[in-house]
2 protein chains.
Amino acid sequence: MNASAMKASPTKASPTKAGPVKVTTRRRPGRPAGGQHVVNRQLVLDAAERAIRRDGPTVSLEAIAVEAGVTKPVVYARVGGRAEVANALSERLADRIMSAVFAAIQGKPIGRATLVSFLVANLEVVAANRELFLYVTGGTSDDTPLRTLHLARHSALPLAEVLANWRSSNARDAAVAIPWAYGVIGMLHLVSLWWINESDTPAPQLAEQLAELLWSGLATE
Amino acid sequence: MNASAMKASPTKASPTKAGPVKVTTRRRPGRPAGGQHVVNRQLVLDAAERAIRRDGPTVSLEAIAVEAGVTKPVVYARVGGRAEVANALSERLADRIMSAVFAAIQGKPIGRATLVSFLVANLEVVAANRELFLYVTGGTSDDTPLRTLHLARHSALPLAEVLANWRSSNARDAAVAIPWAYGVIGMLHLVSLWWINESDTPAPQLAEQLAELLWSGLATE
DNA sequence: CGGAACAACTTACTCAGAGTAAGTATTACC
DNA sequence: GGTAATACTTACTCTGAGTAAGTTGTTCCG
């Protein structure tokens, strides 16, 4: 389909000089006046997000470039190839999750209620960034598993630190912190994937179920 | 008949590889005698696994076909495109994991020791199928997240059934079985990914750490 | 026994998208 | 005003997925 290539261009820089068409027409070559980039890394990534939300996880870099109002080499200059775009967006999503999480549990002591807040915040951010989540966890790149790890690390390491401190202050072995953190993030990862695709359980209820597993464990007595 | 000279060329002697001269001679066209396929679905998938182990998760379908001693359209006829190859291999890996798991916990009652056996079996199969694991969890296809779900489902649903029965027999709510199953599988998924890439903790020790989380939960007292 | 029909392939293509080399317009500097 | 630097675009190459058309041997029927 070539339609996607020409989709986002509103006007093809019409030669009629009817007026100052300030639309997101593609920049002309040449060094700009301000000495600054017109479309910086931030804006490219914003455009990438928009394109992903619109076209799903299979958007091409070309489409992202068009959405940003530039051409492919500019995307390469600002952020890099497909893998690096995905990595950058991974970090964005991880940061977004971490902000929501810390906002949700700020000041609270570690306990079951805090755990539920943590889980709900996670689920809600994923739900609000569905296409982005699918993009960074799948996409079309070669290194997906490594990027999954990359994304996970951004969530897991802060969590591991919290866990390690907490365990230490309770006089318990802190060596479990890292595997536990990856475990919890992995749990959230797959449950989120299942949830946004095949379940309509409300987030708080799902969080309660997960909290029951994580807080009390499987043991019945 | 114009090209009697090129008839005898066994293969194109792949220019890039200097590997094993195993190169199975490609079949000539024509209906075979037995009326059966010479290279069936099973053999194609075997070849795919071999190619993945040799070339890593980025093998092309072409390379898989060559490894199988056939050409691309045969691969398409037997198993399908890249996504379907990956799905089929996902099921293979999931079955392999499930066999190991059931062999490990057969007959044992559900308890902490059984949980550890379950986890160790999982980790060991993943470690023994490292490249395959990376292929099915990453690969290069469009639908990776959905295939991840596909792979996970093959492990999660049997587990969910076990959990549901166990919860019911203990007079506890069985509705948590499905989210818990996805949670446990997701935990194993990401921990495995982290483990085979960045950790050298022995499998039994890692399994113990995870078991501590899953069995007793985070609660300290 | 001699075709027509068919089955199982291979060859050779199309198509899309990632990544890059070369060209062009604009500004800055001396 | 001319030269260098800069910020782009155009236009390419290259790889790999997926497919259409051709080729060779087998079977079935008269």
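Every chain is numbered from 1, with letters handed out A, B, ... down the list of sequences. What you are looking at is a predicted structure, and each value in this text was computed from that prediction instead of being measured.
In this structure, the CG atom of A/Asp55 is 15 Å from the P atom of C/dA16, given to the nearest Å. Taking atom CD of B/Glu62 as the reference point, atom P of D/dG18 lies 13 Å away to the nearest angstrom.
Between B/His189 and B/Tyr182, the distance separating the two ring centers is not shorter than 6.0 angstrom.
Taking every side-chain heavy atom of B/Arg82 into account, D/dA17 is the closest of C/dG19, C/dT10, D/dA17. Listed nucleotides C/dA21, C/dT10, C/dA18 differ in distance to A/Pro73; the shortest reach to its side chain belongs to C/dA21. Minimum atom distance to the side chain of A/Tyr76 is reached by C/dA18, of the listed C/dA18, D/dC8, D/dA17. Closest to the side chain of A/Val70, from the set C/dA18, D/dT9, D/dA17, is D/dT9. Of all nucleotides listed (C/dG19, D/dG16, C/dC9), C/dC9 comes nearest to the side chain of B/Val74.
Between C/dT10 and B/Thr71, a contact under 4.0 Å exists linking OP1 or OP2 to a side-chain N or O.
Of the two residues contacting DNA chain D, namely A/Lys72 and A/Arg78, the nearest-nucleotide position lying further toward the 5' end is that of A/Arg78.
Partner of A/Arg54 under the salt bridge (Lys or Arg N to Asp or Glu O under 4.0 Å) criterion, out of A/Glu131, A/Glu67, A/Glu49: A/Glu67 alone.
A/Arg78 has its side chain out of reach of A/Leu45: every pair of non-hydrogen atoms, C-beta onward, lies at least 4.5 Å apart.
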Report task. Please assess A/Asn197 against A/Arg130 for the test side-chain hydrogen bond (donor to acceptor under 3.5 Å, both in side chains), listing each intermediate value before the final yes or no. Result -> CA-CA 10 Å; A/Asn197 278 296; A/Arg130 190 176 185 281; 3.2 Å; yes

